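The structure appears below as structure tokens.
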Amino acid sequence: MTANSATVRRHEASSAKTRARLIEAAISVIGAVGYEGASTRALAKAANTTMSAIPYHFGGKKELYLAAAQTIADYASSRFGEAAAILETEEPAARVVRFEETLTHLLNMILEDAESSSWTSFVARCSYENDEAFALIYNQAIAPLLERLTRAASDFSERSSDDEALRLRVSAIVTAIVSFRFVRGITLRWMDWQQIEPHYVSHFEEMVRDLCRSNFLAHDFPAASRP
């Protein structure tokens, strides 16, 4: 390796580290104060770099914001893909069971709280704003999971995957599961728990199974009303 190529490699490594720090800083700062409240100065300070690093590496604050959302979208897509893969089966009789297993897997994924709390805050903020960053996360991670769950529910509920009532109910189940990450304070205060301990998880799993085994997704629920 020549001295010049070694210098290039060091520069690339340093550049990659700076980008990664800026992305983590964006997730943390924007998650705390929102996009409008996050100044480039605050973002650079949190990343321990200069303000000029933001336009140099990303073009601007908005591009950094979207790069942070992309990082979360890539991660969520991979994790949700793990859950959705459980749905794959050629046996019609196993589809209901696989649907239930997929949702309990998703539940455990949400409850394990493996990601930084700043990631949750970031997603909560851009979800509330329903902005371009959330559209990115939704389109690449959330929508594919919902579509696969809806197709699976369609197989055993005898309803079209385009049926509004079915799509709404699948969405409601997933939203309820995800809410344990975003609004867990409601459950903790109501149950008088300090945190969701591992031995409590079975209660949540039982609720998901009961819902799957009820007529909530059955073929005989009323069709969605249309104007």
Side-chain angles (χ1 to χ4, degrees), residues 69 72-113 115 119-120 123-184 186-187 190 196 200-227:
I72 291 177
D74 290 342
Y75 176 81
S77 177
S78 175
R79 296 301 308 275
F80 290 167
E82 295 172 14
I86 298 172
L87 292 168
E88 302 303 325
T89 179
E90 298 297 329
E91 302 177 22
R95 288 171 183 165
V96 175
V97 174
R98 291 294 184 91
F99 186 86
E100 182 180 303
E101 290 175 351
T102 299
L103 291 177
T104 54
H105 183 87
L106 177 65
L107 171 69
N108 279 275
M109 190 184 302
I110 294 298
L111 293 179
E112 72 182 8
D113 205 13
E115 303 78 36
W119 284 42
T120 301
V123 175
R125 281 192 176 272
C126 63
S127 173
Y128 178 79
E129 296 296 335
N130 196 20
D131 58 12
E132 191 175 348
F134 182 68
L136 193 155
I137 295 170
Y138 173 81
N139 290 331
Q140 296 186 23
I142 301 172
L145 174 64
L146 288 172
E147 287 295 346
R148 293 183 72 177
L149 283 168
T150 302
R151 289 198 302 270
S154 174
D155 287 340
F156 61 77
S157 68
E158 300 180 22
R159 299 188 76 92
S160 167
S161 60
D162 293 326
D163 185 275
E164 289 182 351
L166 180 66
R167 294 176 70 84
L168 183 60
R169 289 172 187 231
V170 170
S171 173
I173 294 173
V174 172
T175 299
I177 291 173
V178 172
S179 73
F180 290 126
R181 171 70 58 83
F182 293 95
V183 289
R184 66 176 56 198
I186 295 174
T187 300
W190 176 245
I196 298 178
Y200 295 150
V201 175
S202 61
H203 297 313
F204 292 95
E205 291 178 339
E206 185 177 356
M207 285 192 298
V208 171
R209 293 192 184 98
D210 285 346
L211 186 58
C212 290
R213 296 171 187 179
S214 70
N215 64 354
F216 190 68
L217 294 172
H219 68 276
D220 57 350
F221 60 71
S225 60
R226 291 175 172 77

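Computed from heavy atoms alone, side chains included, the values below leave out hydrogens, waters and symmetry copies. A quick note: this is a predicted structure, and the numbers were derived from the prediction, not measured.
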* Asked: So how far is it from R79 CZ to E82 CD, rounded to the nearest 0.5 Å?
  -> 5.0 Å
* Salt-bridge present (R167, E164; N to O < 4.0 Å) -> no
* Asked: Does any non-hydrogen side-chain atom of V201 lie less than 4.5 Å from one of E112?
  -> no
* Asked: Does P144 reach the side chain of F80, with side-chain heavy atoms less than 4.5 Å apart?
  -> no
* With sequence neighbours excluded, what pairs up with L136 under the side chain to side chain contact (heavy atoms under 4.5 Å, CB included) test? -> Q70, A73, Q140
* Asked: In chain order, what residues pass the side chain to side chain contact (heavy atoms under 4.5 Å, CB included) check against R148, with sequence neighbours excluded?
  -> A84, L87, E88, R151
* Asked: Nearest heavy-atom pair of S154 and S161: which atoms, and what distance?
  -> OG-N, 3.4 Å
* Structure fact -> Output for pair (L106 CG, I177 CD1), nearest 0.5 Å, gives 5.0 Å
* **Shortest non-hydrogen contact from S160 toward L166** => O-CD2, 3.5 Å
* To do: Evaluate the criterion side-chain contact (heavy atoms from CB on, under 4.5 Å) for residue pair V96 and E100; output intermediate values, then yes/no.
  => CA-CA 6 Å; V96 175; E100 182 180 303; 5.5 Å; no
* For D131 against F134, the heavy-atom pair lying closest together -> OD1-N, 3.0 Å
* Has the side chain of R169 got a donor or acceptor atom that lies under 3.5 Å from a matching backbone atom of F216? -> yes
* Is a side-chain donor or acceptor of S179 paired with a backbone partner of A176 at a separation under 3.5 angstrom? -> yes
* Side chains of T89 and V97 in contact at under 4.5 Å (non-hydrogen atoms) -> no
* Plane angle bin for H203 and Y200 - parallel if under 30°, tilted between 30 and 60°, otherwise perpendicular -> parallel
* Enter the distance from R98:CZ to H105:NE2 here, rounded to the nearest 0.5 Å. => 13.0 Å
* **Donor-acceptor contact below 3.5 Å, side chain S214 vs main chain L211** => yes
* Asked: Just how far is it from atom CG of L145 to atom OG1 of T102, taken to the nearest 0.5 Å?
  -> 8.5 Å
* Which atom pair, heavy atoms only, marks the closest approach of L149 to F99? -> O-CE1, 3.3 Å
* **Side-chain donor or acceptor of T104 paired with backbone N/O of E101 under 3.5 Å** => yes
* Structure fact -> So CD1 of I86 and CG of L103: to nearest 0.5 Å the spacing works out to 9.5 Å
* Above 12 or not: heavy atoms from other molecules or residues under 6.0 Å from CD of E132? -> no
* Asked: Which distance, rounded to the nearest 0.5 Å, do you find between the CZ of R125 and the OG1 of T120?
  -> 13.0 Å
